[in-house]
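Since the structure comes first, as structure tokens, the remarks are kept for the end.
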Amino acid sequence: MFPDYDIIVVGGGHAGCEAAASSARMGSKVLMITLNLATIAQMSCNPAMGGIAKGQIIREIDALGGYSGIVTDHTMIQFRMLNRSKGPAMWSPRAQSDRVLFAAKWKEMLDKIPNLDFWQDSVTELIVKEQKVVGVITKHGLEFYAKSIIITSGTFLNGSIHIGRNTFSGGRLGEAPSSGFTQNLNGFGIESERLKTGTPVRVDGRTIDFSRLIEQPGDENPGKFSFLDTPPIKNQKSCYLAYTDERVHDVLRTGFNDSPMFAGRIQGSGPRYCPSIEDKIDRFSDKNRHQLFVEPEGWNSIEYYINGFSSSLPLEIQYRALQNIPGFEKSKILRPGYAIEYDYFPPTQLNFTLESKIIENLYFAGQVNGTTGYEEAACQGLMAGINAHLKNTKEEPFILKRSEAYIGVLIDDLITKGTKEPYRMFTSRAEFRILLRQDNADSRLTRKGYELGLASQERLERLNEKEFLINKIQDSIINTKTTPAEINPYLKSRGSSEIQIKTSSQRILLRPQVNIEGLIESVFSLKDALTDIEPFPVFKEALESAEILIKYKGYLDREKEMADKIARLENKKLREDFDYSQLKSISHEGREKLLKVKPRTIGQASRISGISPSDISVLLIHIGA
């Protein structure tokens, strides 16, 4: 009745969408099985993409040829570049999206992929022969066969929702969980554990007094995520800031006895960096207020998402606390906040391709690997889809190094260190973050995406054009001198000391008060040299990158040198079948960790928690390095 497939993707969230799109576009015949075809690419939590380090991930997905950046650009209602006051390694794009349009745009793009099919159902069992997965069985008793299976089930595996003393099954509020599948995987020797995440109340915007909140508009000159020529946003909706106070905290404390978290009814670990409001009050009792972000859910929606007010307290407590926040005195709740507890599979059980070490051709991506966030899920889905296709076609796997992408950092962290709490990406997790900027994701990854068959010829041509412009801008600035007469008025306006003699434009640009646009406008010969390239569509992008490359050259060179040194350790291979229990010079803990993770290289071994420098020395001696 049904054809055999190359790849089956289980789940239609952000990981599932990128997995299905990437593998199908590379040439695989793909089936996506999801509980509800109407909720593909649903934004279960806040209606936003990007943010600190997460924005870099979306740009990396886009540079490789993924779809998340394109979908976001088409559906955003606000754009902001975060951390502009800091160095360029910290600049992170973030967009508010229209929740309904976002999911609709994703479905539209998936529908246009000819060799991608869909089926609404729940997967309950794997079909495994000789430790290789060959298909799945669904709740309806149907069997689907494929060469590879990618699990992207999100929070749906044995999902339990908690609101006060009420606990009931659900993958999201109003949606059924997926039951039985975890137990089936456990039967094959795959370990599972529990995690917890949460979401806040949604509020009727017609009942909020925005005059009492602090408006947070989008950027005056908004950017975008995709390196393609996606439509720029013309109008933007504002977000708002609000604050809790001691009155709010006192109301929330009255519900602590009914809190499923404090009462121990929730066993899974929650996200350290996105705690519930009751957890914040308990852990940070010295703080008399907490910041809230009031975020619109769409162009035509009355719903507002109260970011920072996640809670699993009884609904009446959530309601009373909310109405004590200035501006929310008459607010009406549309949906309660709740906690959700779900199964995940510790990612140390995976290879760097995201393939299971236990069952061949079985891949895991997204929250089932212990991550939190759309961005972290989407990039795993992309990589799992790529690698499942490559393995099926007997090609080399695609693995990104930590020095190449935040995606590489994320996957290395998961596989090497594992996680006992929902993993969230931060810029601080990347040792080489000045190399992994949001502006150069295309330079780092687009040629790789093109070789994979994901990044289009158009992307490659835009990258070549951009890099040509960057070189032209750099050369012009390095080789142009400016006189006191032409540059001093600009320097004075920027609060920078004036020059007395003819000076290199490059030296002027190194000053922190000087920006590249002001320099070009002030130095006439420089402006003339660049006039012919100014009309190019990627000129503004090239200008930003050229400024960073000139201003931060010393830092970039040092970080590149350090990355090259570490790469030498990464290139020292370790045999996957080596029995570390033989190495008595390594601590018992070290041997246990090495046997469990089975590192591919000395570099990976050095990052395993519990492995000491002396253990690495033993390994180096053993391999004759």
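Each residue takes its place number in the sequence, starting with 1. The structure presented is a predicted model; accordingly, all values stated were derived computationally and were not measured.
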Partners passing side chain to side chain donor-acceptor pair (under 3.5 Å) against Ser148 (at least two apart in sequence or in another chain): Asn392
Across all chains, not counting sequence neighbours, the ring pair (Phe, Tyr, Trp, His ring centres under 6.0 Å) partners of Phe364 are Phe345
With no hydrogens and no angle check, just 3.5 Å: does a side-chain donor-acceptor pair link Asn36 and Glu175? no
Say whether, by atom type as modelled, one donor and one acceptor occur between the side chain of Ser169 and the main chain of Asn158 under 3.5 angstrom. no
Residues Glu465 and Arg462 bridged, charged N to O under 4.0 Å: no
Could you list the residues that satisfy side-chain contact (heavy atoms from CB on, under 4.5 Å) with Asp564, not counting sequence neighbours? Lys560
With sequence neighbours excluded, residues passing side-chain contact (heavy atoms from CB on, under 4.5 Å) with Lys565: Glu561, Arg568
Can you pull out every salt bridge (Lys or Arg N to Asp or Glu O under 4.0 Å) where at least one residue sits in residues 7-33? Sequence neighbours excluded, please. Lys29-Asp117
Contacts of type side-chain contact (heavy atoms from CB on, under 4.5 Å), residue Tyr450, not counting sequence neighbours: Ala455, Gln457, Leu460
Taking the side chain as every heavy atom from C-beta outward, state whether Ser22 and Leu454 have any atom pair closer than 4.5 Å. yes
Got a sec, which pairs hit salt bridge (Lys or Arg N to Asp or Glu O under 4.0 Å) with one end in residues 42-71, sequence neighbours left out? Lys54-Glu375, Lys54-Glu376, Glu60-Arg444, Asp62-Arg459
Does Phe398 have any ring pair (Phe, Tyr, Trp, His ring centres under 6.0 Å) partners at least two apart in sequence or in another chain, and if so, which? none
Go through the structure and list residues passing side-chain contact (heavy atoms from CB on, under 4.5 Å) with Asn351, not counting sequence neighbours. Thr353, Glu355, Lys357
Listed once per pair and sorted, the ring-ring contact (aromatic ring centres under 6.0 Å, His included) pairs that draw on residues 14-63, sequence neighbours left out: His14-Phe102, His14-Tyr374
Whether over 12 other heavy atoms sit under 6.0 Å from Phe468 CZ: no
Ring pair (Phe, Tyr, Trp, His ring centres under 6.0 Å) against Phe578, all qualifying residues, sequence neighbours excluded: Tyr580, His622
Using the test ring pair (Phe, Tyr, Trp, His ring centres under 6.0 Å), find all partners of Phe156 that sit at least two apart in sequence or belong to another chain. none
